[in-house]
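I have placed the structure first, in the form of structure tokens, so that the comments after it can refer back to it.
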Amino acid sequence: MHTPNLTRRQLLAGLAAPGFLKGAPKKPNILLIMADDLGYECLSCYGSTSYRTPHLDRLAGSGIRFTHAYAQPLCTPTRTQLMTGRYLYRNWKAFGILDPKEKTFGHYMRAGGYRTAIAGKWQFWSYNPPDFWPQWRGKGMLAKDAGFDQWCLWHTGHTEDKGSRYGDPTYEVNGQLLQTQKDKYGPDVYADFLTGFMSTNKARPWFCYYPMALTHGPFTATPKSAKWNTARLQNDRSQFKDMVEYMDDVIGRLVAGLDRDGQLDNTLILFYGDNGTDRSIQSRLGERVIQGGKGLPTDAGTRVPLIANWRGVTPQGQVLDDLIDSTDFLPTIAEAGGVKLPRREIFDGVSFLPRLRGQPGTPREWQFCHFDPLPGDGKLGYHRIRYARTQRYKLYEDGRFFDIAHDELEKNHIPPGKGGDEAQQVRLRLWDVLDRHRN
């Protein structure tokens, strides 16, 4: 081999460089999208007849759709578990507060060689107003300390100063707070920011987290709504349909940007929801009416959509009934990116990456929930709830036991000794799960 312009050391270094050898694995890009207040009944690929979501339907049709993905009943608890991979009894402080000692998937992915970005909703610092639990004033984690190289976020400061997340938004870009951007729409700003970041950093692997503002209230007009030019900040439940469909449109634009840049073949896209739909919203799942259950521990409040798409990797059009929990995302994306998590730390999640590769893997046999959103402004009606469940059965720590497949709204508790042999065996297994997580 004639190499007149290279020293032997330079040649060996080049041979060792990632991607030099034919077939050397390339780290995938990872785009994690989380919708706000969107239950599984809101996507047409799950059977919704109330909304059109063609872009998410296509991702599901060419990827994997999970039918038993669950979240916490409210947003900040889910987001805390998602970012840290840990059950809330290990690290919860207060609503809207992320312990600054915690490490997020941003920290881990950046340490593993990824460029990292976040855009959308933050809400992890100084959540309460001045007269409510003032000891949490100025506490929590700031976006700059969360492991992301760049960010574009709404609600990064005090709760009473957060401004609009939708029309004429207020948001922070890499430490600069931009107040009331007239005639802009927050979800467009967040998506454009991520599209720019992904395009600019296509020479190296990136991890982008998009905690969406949509479809959380207030229910206001989108740029495609009739009221955009006349009453864009007016709260009206009739706008919810426009918000769901605009959410889908934004995701379509993100995917199209990846395709234009030639990055779609090497990007794992995950779409998930943070809790059920707002309780004021009714949607149709086929002919069945589903009342939103945000804040409730029932399926209406915790069962959410999960779609995974990785072109050439995920089996096309597969539907899986695996149990998926919000703690499972950190180990999944870390494994996908070849990022080693510290052994000394406790992580509660189970990687579902093998399932995305069409392999058997080791799916969860149960899902555990510790939900206690207090203290927090506006959360005084809530209390601690703990349960363990399978796809079919659910056991609360107070002993209530339900066959969810036949009692989705949890109206008929199954007494001990009733329900048949299968129910009794599952009850014992779930008691064991609850006992392992006593605190």
Side-chain angles (χ1 to χ4, degrees), residues 34-37 74-80 83 92-100 102 104 106 117-148 150-194 209-223 228 231-236 239 243 274-275 278 294-295 373-382:
M34 185 170 65
D36 199 344
D37 292 2
L74 290 175
C75 59
T76 299
T78 296
R79 291 156 194 266
T80 300
M83 293 180 72
W92 182 261
K93 296 299 180 184
F95 198 91
I97 301 293
L98 181 60
D99 188 344
E102 285 292 306
T104 76
I118 179 174
K121 172 180 169 181
W122 183 240
Q123 193 178 284
F124 273 128
W125 186 84
S126 202
Y127 176 81
N128 296 319
D131 58 348
F132 187 92
W133 287 77
Q135 62 267 43
W136 292 108
R137 187 75 169 177
K139 301 282 182 66
M141 185 180 287
L142 293 167
K144 69 180 182 65
D145 300 320
F148 296 98
Q150 293 188 32
W151 63 93
C152 175
L153 294 164
W154 171 80
H155 198 175
T156 57
H158 295 310
T159 293
E160 69 274 17
D161 297 330
K162 59 183 179 288
S164 171
R165 73 191 84 183
Y166 295 132
D168 305 336
T170 295
Y171 52 90
E172 179 185 317
V173 179
N174 298 330
Q176 180 182 4
L177 184 64
L178 303 177
Q179 295 278 1
T180 313
Q181 299 298 294
K182 191 68 175 172
D183 296 329
K184 291 189 177 182
Y185 187 58
D188 288 337
V189 172
Y190 316 137
D192 290 347
F193 178 88
L194 287 179
Y209 175 39
Y210 184 14
M212 304 185 83
L214 291 164
T215 55
H216 194 291
F219 304 119
T220 59
T222 76
W228 173 252
R232 71 182 58 161
L233 298 181
Q234 181 181 341
N235 187 15
D236 181 353
Q239 302 290 352
M243 294 170 73
D274 71 348
N275 51 246
D278 190 280
K294 175 182 176 178
L374 301 175
D377 182 42
K379 306 301 182 290
L380 294 180
Y382 292 94

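For the single chain, residues carry numbers from 1 onward in sequence order.
Contact of the Phe193 side chain with the Ile118 side chain is not registered, since no non-hydrogen atoms from C-beta on lie closer than 4.5 Å. Contact of the Pro129 side chain with the Asp377 side chain is registered, since non-hydrogen atoms from C-beta on lie closer than 4.5 Å. Taking the side chain as every heavy atom from C-beta outward, Phe219 and Asp278 approach each other to under 4.5 Å. Residues Tyr166 and Pro187 have side chains in contact (heavy-atom distance under 4.5 Å, counting atoms from C-beta outward). Between Phe124 and His155 the shortest side-chain heavy-atom distance does not fall below 4.5 Å. Here the side chains of Gln123 and Leu153 are not in contact, with every heavy-atom distance at 4.5 Å or above. Taking the side chain as every heavy atom from C-beta outward, Arg232 and Asp183 approach each other to under 4.5 Å.
Panel note: side chain Lys139, backbone Arg137; no donor-acceptor pair is recorded below 3.5 Å. Without hydrogens or angle criteria, Gln176 side chain to Asn174 main chain gives no donor-acceptor distance under 3.5 Å. Without hydrogens or angle criteria, Tyr210 side chain to Tyr190 main chain gives no donor-acceptor distance under 3.5 Å. Panel note: side chain Thr215, backbone Asp36; a donor-acceptor pair is recorded below 3.5 Å.
Taking 4.0 Å as the cut-off between side-chain N and carboxylate O, Lys184 and Asp168 do not count as a salt-bridged pair.
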Verdict with reasoning, Lys294 to Asp37, per salt bridge (Lys or Arg N to Asp or Glu O under 4.0 Å): CA-CA 7 Å; Lys294 175 182 176 178; Asp37 292 2; 2.8 Å; yes

Derivation and outcome, side chain to side chain contact (heavy atoms under 4.5 Å, CB included), residues Thr78 and Met34: CA-CA 10 Å; Thr78 296; Met34 185 170 65; 4.2 Å; yes

Step-by-step side chain to side chain contact (heavy atoms under 4.5 Å, CB included) determination, Met212 to Asp274: CA-CA 10 Å; Met212 304 185 83; Asp274 71 348; over 6 Å; no

Leu98/Thr80 under side chain to side chain contact (heavy atoms under 4.5 Å, CB included): CA gap, chis, key distance, verdict: CA-CA 7 Å; Leu98 181 60; Thr80 300; 4.0 Å; yes

Side chain to side chain donor-acceptor pair (under 3.5 Å) evaluation trace for Thr222 with Gln239: CA-CA 8 Å; Thr222 76; Gln239 302 290 352; over 6 Å; no

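Rounding to the nearest 0.5 angstrom, the gap separating the OH atom in Tyr185 from the CZ atom in Arg165 is 10.5 Å. For the atom pair OH (Tyr382) and CZ (Phe95), the distance works out to 8.0 Å, reported to the nearest 0.5 Å. Between Gln234 atom CD and Thr220 atom OG1 the span is 10.0 Å, to the nearest 0.5 Å. Ser126 contributes atom OG, which lies 7.5 Å from atom CD of Glu160 (distance to the nearest 0.5 angstrom). Atom CH2 of Trp125 and atom CH2 of Trp136 lie 13.5 Å apart (nearest 0.5 Å). Distance CG/Leu194 to SG/Cys152: 8.0 Å, rounded to 0.5 Å.
Relative orientation of the Trp122 and Phe148 rings is perpendicular, given thresholds of 30° and 60° on the angle between their planes.
Annotation for Thr104 and Ala146: closest pair OG1-O, 2.6 Å, computed over non-hydrogen atoms. Residues Met243 and His216 come closest through the heavy atom pair CE-O, 3.4 Å. Minimum interatomic distance between Trp92 and Leu374 (heavy atoms only, all atoms of both residues): NE1-O, 3.1 Å. Closest heavy-atom contact between Trp133 and Pro375: CE2-CB, 3.4 Å. When all heavy atoms of Trp151 and Glu172 are compared, the closest pair comes out as NE1-OE2, 2.8 Å. Scanning both residues, Asn275 and Cys75, for their nearest heavy atoms gives OD1-N, 2.9 Å.
No option in Asn235, Asp236, Leu233 other than Asn235 meets the side chain to side chain contact (heavy atoms under 4.5 Å, CB included) test with Pro218.
Defined by atom type and a distance below 3.5 Å, a donor-acceptor pair is missing between the side-chain atoms of Thr170 and Gln181.
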